[in-house]
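Following: one structure in structure tokens, then a few remarks.
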There are 2 protein chains.
Amino acid sequence: MRLSRKADYALRVLFTLVDQYGQGPVSMNALARANDVPKRFLEHIMLDLKSQGWVASSPGRKGGYELAQPPERITMGQVIRHFDGVMAPIGCVSVTRHEPCSQERHCRFRRVLLEVRNMTVQYLDNATLAWVAALAPVSTAEVFALELVGGDGI
Amino acid sequence: MRLSRKADYALRVLFTLVDQYGQGPVSMNALARANDVPKRFLEHIMLDLKSQGWVASSPGRKGGYELAQPPERITMGQVIRHFDGVMAPIGCVSVTRHEPCSQERHCRFRRVLLEVRNMTVQYLDNATLAWVAALAPVSTAEVFALELVGGDGI
DNA sequence: CGAATCTCGACTGGCCTGATCGGGATTTTC
DNA sequence: GAAAATCCCGATCAGGCCAGTCGAGATTCG
């Protein structure tokens, strides 16, 4: 799964809304500035978020956006899926956008990709905004700590 | 991580070469036909695979390709990384193609993406061709068995 | 009123993917 | 030897998607 910029921006904004939950609306200007998102681009994202019932808007002079649901009820999986469409690494192991493949009968690495999909989906669909908001930020060192992962590079 | 067509094709071919390991070269024509890959496109892929030392070619009338290493020494992670460049779901948690982000200090969902990266990388870098080749093909039912995963859709 | 806000649709430029093509070099088989 | 099949390599290209911009309208607060 590759996160699009749009999904990235959406998540950034959602977490600042989590922080302000219950304290009235936050203007799009403030959201754009705080999260380093192009304002005109953010407009579309907020409309998307609204259409999904995740945020509510108040128009007018002191308007803005606020979370429309408690942060426990929104998951990162939902958000990413809405903006990026698929989480599966390839069409043949996707449900929402399944693509048939001529090799299905004897393809063996498909099982591996299915496993990757399952791990990813399970993790992201259990990651509620409330849970994630309580996590500590990641240090750069952790990103580069490959030995712990056992990989060759990333 | 999203698998490109190129990586997909490369893996298909590699597994038929695994099956024929030690039995002489397989012609590109046969590889293309057996795996449903456009022949002219496959040419480039095979050159890539050769440049990495994963396959060897013999020219001439009865030429073709064969695995240049035992299937235990090549992993899906290596192959995917070579063709697709990144496995990380976003630049800020990538090592080979790291991109700085203005939100690093206080971003919290970055930890989640890091975790996803770690799971993916660990799994794929441990999946040798030999191991994967021994797996049973996936049934369509398994792909759609969402309850087992706990996700909303994929 | 007027300033600041959200809303909406149209548009665009650039990059990446997934190929295709022509032509050349090499080797094996007959 | 000659022919056939193969591998090798660079150039090119169409289409689609992504990220972002723009103009203009509707709504509310002070």
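Note that the coordinates shown come from a computational prediction; the quantities given were computed from them, not determined experimentally.
- Between the CZ atom of A/F41 and the P atom of C/dG9 there is a distance of 17 Å, given to the nearest Å.
- We find that NZ of B/K62 is positioned 22 Å from P of D/dA3, with the value rounded to whole Å.
- Distance CD (A/E99) to P (C/dG18): 11 Å, rounded to an integer number of Å.
- Using a 4.0 Å cut-off, some side-chain N or O of B/N29 falls inside it from OP1 or OP2 of D/dT6.
- For B/L47, the side-chain atoms get nearest to D/dC9 when compared with the rest of C/dC6, D/dC29, D/dC9.
- Counting non-hydrogen atoms under 4.0 angstrom, A/Y9 reaches the backbone sugars and phosphates but no base.
- With D/dT6, D/dC8, C/dG18 as the choices, the nucleotide that has an atom nearest any side-chain atom of B/Y65 turns out to be D/dC8.
- Regarding A/R61, its CZ atom lies at a distance of 7 Å from the C1' atom of D/dC29, rounded to whole Å.
- Taking 3.5 Å as the limit, the base of C/dG18 and the side chain of B/H44 contain no donor-acceptor pair of atoms between them.
- Checked against C/dA3, C/dT20, D/dA19, the side chain of B/P38 finds its nearest nucleotide in C/dT20.
- Candidate nucleotides D/dC8, C/dC6, C/dA19 were compared by shortest atom distance to the side chain of B/K50, and D/dC8 ranks first.
- Sorted by first then second residue, the salt bridge (Lys or Arg N to Asp or Glu O under 4.0 Å) pairs that include residues 46-73 of chain A, not counting sequence neighbours, number zero.
- For the pair B/R2 and A/D84, the salt-bridge criterion is not met [side-chain N within less than 4.0 Å of a carboxylate O].
- When the P atom of C/dC16 is taken as reference, atom CZ of A/R2 falls 12 Å away, rounded to whole Å.
- Remark: the A/E43 side chain and the C/dC8 base include a donor-acceptor N/O pair separated by less than 3.5 Å.
- Looking at B/R40, its side chain has no donor and acceptor atom pair within 3.5 Å of the base of C/dG18.
- Between the side chain of B/R110 and the backbone N or O of B/C92 there is at least one donor-acceptor pair closer than 3.5 Å.
- Nearest-nucleotide mapping onto DNA chain C: of B/D84 and B/L42, the residue sitting toward the 5' end is B/D84.
- Residue order along DNA chain D, read from the 5' end via each residue's closest nucleotide, puts B/M46 first among A/P59 and B/M46.
- Of the possible donor and acceptor atoms, one in the side chain of B/R111 sits under 3.5 Å from a partner among the backbone N and O of A/A136.
- If you measure from atom CD1 of A/I45 to atom P of C/dT7, you get 14 Å, rounded to the nearest angstrom.
- Here D/dC8 is the nucleotide among C/dT28, D/dC8, C/dA19 with the atom lying nearest to any side-chain atom of B/S57.
- Scanning all heavy atoms of the two residues, the minimum distance from B/L114 to A/V143 falls at CD1-CA, 4.2 Å.
- Aromatic ring pairs are classed by plane angle as parallel below 30°, tilted from 30° to 60° and perpendicular above 60°; the pair A/Y123 and A/W131 is perpendicular.
- Residue B/M28 is in sugar-phosphate contact alone, with no base atom involved, counting any heavy-atom pair closer than 4.0 Å across all strands shown.
- Summarising the geometry, the separation between NZ on B/K39 and C1' on D/dA5 is reported as 9 Å, rounded to the nearest angstrom.
- A straight line from CD of A/E66 to P of C/dT5 spans 16 Å, rounded to a whole angstrom.
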